[in-house]
Trainee: 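Right, I'll just put the structure down here and ask away after.
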Number of protein chains: 2
Amino acid sequence: MSDYGEPGRTPDRLKGRPSWLLGRAAARSAALLREGFAEHGGGLRGYHYRLLAALEQWGPASQAELGRDTGIDRSDVTAALLELESLGLVEREVDSANRRRKIVSMTPSGADRLRSLDAVLDGIQESLLAPLTPAQRGQFTAILARIADQPRE
Amino acid sequence: MSDYGEPGRTPDRLKGRPSWLLGRAAARSAALLREGFAEHGGGLRGYHYRLLAALEQWGPASQAELGRDTGIDRSDVTAALLELESLGLVEREVDSANRRRKIVSMTPSGADRLRSLDAVLDGIQESLLAPLTPAQRGQFTAILARIADQPRE
DNA sequence: ACTTCATGTTGGCACGGCCAACGGTGTATG
DNA sequence: CATACACCGTTGGCCGTGCCAACATGAAGT
């Protein structure tokens, strides 16, 4: 989807299916995040935000812990942390009491950046939920949570 | 997200945000689709289903039309159609009255396949909406539609 | 001691979403 | 008519997210 101008119609087979709508809505959300982070996020991505959020909330943690809390694969955690580290937003040191671990902690500069990303995120929620009444927003979030938290059967 | 066992907790910053929940829910949906299509879909992907759906509904069309109707980029349409063609699910021929176009039509075999993919898709909706009451399903779909159809400001 | 497991890292793949550029073709304008 | 413009299919590339396999290291359990 891009390039050519008008969106065109949508096949009925897709139009009514929740999975299709879900995908489209998520695509919109992802696009907003991409644009927002590109403009006001210093080139960071969703992965970075997730990691900083976990660090802010629970303090220093090992990479494996971070992965579990953010739903990011260990390998991807490594890559994203390297980037955060090179930006001075995060520091890593081997756990002296468990030398296979690396304890990651957020720098003050990282905390600042997190707060500015928060603002971007909040703006995205607004754009996303714009067409909804406050009551609908509540319903929507609640229902979404039930679907998202479903056990992976 | 994989490998390591337990999911772990989720930062509050993410937990409540619609954009986060939307992404997670969509990820679940995508995973179900991937698994379902891998098992009962003959190795086809979402793109293929979208294209077949458009062809079934409106009959033969040019690739650009298909792209507009399915929300797939021209280049990706080309690739997906090549695959569908090599599977005998679709045929292409240059429009004699407009030689820059290629008119794509679905073969009977393609129609059969579409119907079998429909079944997979229906199963996915069920898994996805399982935790919801019928009333909630309606609300959810309606709200989702409003969000998904929002104009790209 | 030996096995088993967790950790971080590397390197790879899939999928959806995009964009740029090109050659070929049609249409509209000068 | 010639020229510019817009469209079409194709190629080739990039990104972000979600995964998986394999490996070396270190720790824990037997």
Side-chain angles (χ1 to χ4, degrees), chain A residues 1-6 19-20 22-24 26-35 37-38 41 43-51 61-68 70-83 85 92-104 152, chain B residues 1-6 19-20 22-24 26-35 37-38 41 43-51 61-68 70-83 85 92-104 152:
Chain A
M1 163 166 16
S2 68
D3 217 344
Y4 21 44
E6 329 84 58
S19 67
W20 165 259
L22 197 50
R24 296 261 104 191
R28 225 186 89 77
S29 165
L32 289 172
L33 189 149
R34 223 184 28 250
E35 291 160 20
F37 273 29
L44 296 185
R45 290 165 286 145
Y47 277 8
H48 302 121
Y49 179 80
R50 295 197 217 170
L51 292 167
S62 76
Q63 301 188 186
E65 265 177 288
L66 286 173
R68 279 184 289 260
T70 55
I72 303 178
D73 190 87
R74 286 212 305 275
S75 58
D76 301 320
V77 170
T78 297
L81 284 182
L82 275 176
E83 290 155 2
E85 194 177 30
R92 296 189 303 162
E93 55 174 345
V94 270
D95 184 346
S96 53
N98 204 340
R99 296 219 315 283
R100 64 187 160 181
R101 289 190 176 165
K102 291 193 181 170
I103 296 184
V104 185
R152 293 195 163 276
Chain B
M1 164 170 10
S2 69
D3 216 344
Y4 21 45
E6 329 83 58
S19 67
W20 164 259
L22 196 51
R24 296 260 104 189
R28 225 186 88 74
S29 165
L32 289 172
L33 189 149
R34 223 183 28 251
E35 292 160 20
F37 273 29
L44 296 184
R45 289 165 290 144
Y47 277 8
H48 301 121
Y49 179 79
R50 295 196 217 171
L51 292 167
S62 76
Q63 301 188 185
E65 266 179 287
L66 287 173
R68 279 184 289 259
T70 56
I72 303 178
D73 189 88
R74 288 212 304 275
S75 58
D76 300 321
V77 170
T78 297
L81 284 181
L82 274 176
E83 290 155 1
E85 194 177 30
R92 296 190 302 163
E93 55 174 344
V94 272
D95 183 346
S96 53
N98 204 341
R99 294 218 318 282
R100 62 188 162 182
R101 292 192 172 157
K102 290 193 179 169
I103 296 184
V104 185
R152 294 195 163 279

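All values below come from the heavy atoms of this structure, side chains included, with hydrogens, waters and symmetry mates left out. Keep in mind that what you see is a predicted model, and the values were worked out from it rather than measured.
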Trainee: Among residues at least two apart in sequence or on other chains, which ones pass salt bridge (charged side-chain N to carboxylate O under 4.0 Å, His left out) with A/Glu83?
Mentor: A/Arg45
Trainee: Please determine, for the side chain of A/Arg50, which listed nucleotide (C/dG16, D/dG18, C/dT9) has the closest atom?
Mentor: D/dG18
Trainee: Return the value, rounded to whole Å, for the distance between atom CG of B/Leu51 and atom P of D/dG9.
Mentor: 12 Å
Trainee: If only side-chain N and O atoms of B/Gln63 are considered, is one of them under 4.0 Å from the OP1 or OP2 phosphate oxygen of D/dT10?
Mentor: yes
Trainee: What N/O pairs connect the protein and nucleotides 23-27 of chain C at under 3.5 Å? Give each pair on its own line.
Mentor:
from   : atom 1 : to       : atom 2 : distance (Å)
C/dT25 : O2     : B/Arg100 : NH1    : 3.0
C/dG26 : OP1    : B/Arg99  : N      : 2.6

Trainee: I need the A/Ser62 OG to A/Arg74 CZ distance, nearest 0.5 Å.
Mentor: 10.5 Å
Trainee: Could you run down the sub-3.5 Å N/O contacts of the protein with nucleotides 10-13 of chain C?
Mentor:
from   : atom 1 : to      : atom 2 : distance (Å)
C/dG11 : O6     : A/Ser75 : OG     : 3.3

Trainee: Output yes when at least one side-chain N/O atom of B/Arg68 is less than 4.0 Å from OP1 or OP2 of D/dC7, else no.
Mentor: no
Trainee: Could you tell me if the side chain of A/Leu81 sits less than 4.5 Å from the side chain of A/Leu66, heavy atoms only?
Mentor: yes
Trainee: Take the protein atom CZ of B/Arg45 and the nucleotide atom P of C/dC15, then report the distance between them rounded to whole Å.
Mentor: 5 Å
Trainee: Measure CG/B/Leu81 against P/D/dC8 and give the value in whole Å, please.
Mentor: 15 Å
Trainee: Applying side-chain hydrogen bond (donor to acceptor under 3.5 Å, both in side chains), can you list everything that pairs with A/Arg92, at least two apart in sequence or on another chain?
Mentor: A/Gln63, A/Glu85
Trainee: So, for B/Tyr47 and B/Ala80, which heavy atoms are closest and what is the spacing to 0.1 Å?
Mentor: CB-CB, 4.3 Å
Trainee: Under the rule for salt bridge (charged side-chain N to carboxylate O under 4.0 Å, His left out), what residues qualify as partners of A/Arg101, not counting sequence neighbours?
Mentor: none
Trainee: B/Arg101 has an atom CZ; how far is it from atom C1' of D/dT10, in whole Å?
Mentor: 17 Å
Trainee: Quick one, A/Glu35 and A/Leu33 - any side-chain contact, counting heavy atoms below 4.5 Å?
Mentor: no
Trainee: Identify, with sequence neighbours excluded, every residue that meets side chain to side chain contact (heavy atoms under 4.5 Å, CB included) alongside B/Ala30.
Mentor: none
Trainee: Side chain of B/Lys102 only, heavy atoms from C-beta on: which candidate in D/dG18, C/dT7, D/dG9 is closest?
Mentor: D/dG9
Trainee: Rounded to whole Å, how long is the line connecting atom CD of B/Glu93 with atom C1' of D/dC8?
Mentor: 16 Å
Trainee: Expressed in angstrom and rounded to an integer, what is the separation of B/Tyr49 atom OH from C/dG16 atom P?
Mentor: 14 Å
Trainee: Atom NE2 of B/His48 and atom C1' of C/dC15: how far apart are they, to the nearest Å?
Mentor: 11 Å
Trainee: OP1 or OP2 of D/dG18 less than 4.0 angstrom from a side-chain nitrogen or oxygen of B/Arg24, does that happen here?
Mentor: yes
Trainee: Go through the structure and list residues passing side chain to side chain contact (heavy atoms under 4.5 Å, CB included) with B/Ser29, not counting sequence neighbours.
Mentor: A/Ser19, A/Leu22, B/Leu128
Trainee: Quickly work out the A/Glu85 CD to C/dG8 P distance and round it to whole Å.
Mentor: 13 Å
Trainee: Regarding A/Gly23, tell me which of base, sugar-phosphate or nothing describes its non-hydrogen contacts under 4.0 Å with the strands shown.
Mentor: nothing
Trainee: With sequence neighbours excluded, what pairs up with B/Arg99 under the side chain to side chain contact (heavy atoms under 4.5 Å, CB included) test?
Mentor: none
Trainee: Quick check for you: among C/dG16, C/dC18, C/dT7, whose closest atom lies nearest to any side-chain atom of A/Arg34?
Mentor: C/dC18
